[in-house]
Chemist: 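I have a structure here, written as structure tokens, and I will follow up with some questions on it.
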Amino acid sequence: MNASKDKVVTIAYKLTVDGEPVDQGELAYIHGHQQIIPGLERELEGRSAGDSFETTLAPADAYGERDEEGVQVVPRSAFPEDAKVESGEQFYAQDSQGNPMPLTVTKVAGDDVTVDFNHPLAGKTLNFSVEVKEVRDATPEELAHGHVHGPGGHQH
Ligand code: ZN
């Protein structure tokens, strides 16, 4: 079976950026639903269990370019009082629709906290080493929920 729209694909991956290992693991996603970065989904199209490959993805095919307008200075009082507000800590803000927006604290100077809404991998070229572990049909329930059930996915 080949990876195509509405198939559940399980992969093991290793991510390297600038020669440094950044992340590795296993994940299961529903193909064709923009659940993973676009370049990786494109590379996986048509693959089957047992395939392995390496790919280099430009920022546009991964987490996008950095947007300097995503860097803002906010007061310390914008954070919960008991939060550890230090460079490198990650928090979630909410946009006007209540969607979570992850941010990273990049600098703390007195009451001024510099935060960056860019994804930490924005602007980076990503090197992936991928092994396809399994390709199967998504169940109607998985398609209705919009996520994978079982190993690598949601446990209800
Ligand atoms: Zn579900």
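Whatever order the structure lists them in is the order used to number ligands and atoms, beginning at 1.
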Chemist: Under 6.0 Å between the ring centres of H147 and H156?
Modeler: yes
Chemist: May I ask you to decide if the ring planes of F79 and F91 are parallel, tilted or perpendicular, using 30° and 60° as cut-offs?
Modeler: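 Plane angle over 60°, so perpendicular.
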Chemist: Of all N, O or S atoms in H145, identify the one at the shortest distance from the Zn ion (ligand 1).
Modeler: ND1
Chemist: Near the Zn ion (ligand 1), is there an N/O/S atom from H154 that is less than 2.8 Å away?
Modeler: no
Chemist: Rounded to the nearest 10 degrees, what's the angle NE2 of H156 makes with NE2 of H149 at the Zn ion (ligand 1)? Could you check?
Modeler: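 Taking the Zn ion (ligand 1) as the apex, the two atoms subtend 100°.
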Chemist: So does E69 have more than 12 non-hydrogen atoms from other groups sitting under 6.0 Å from CD?
Modeler: no
Chemist: Rounded to the nearest 0.5 Å, what's the gap from CG on D67 to CZ on F117? Could you check?
Modeler: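 It is 11.5 Å, given to the nearest 0.5 Å.
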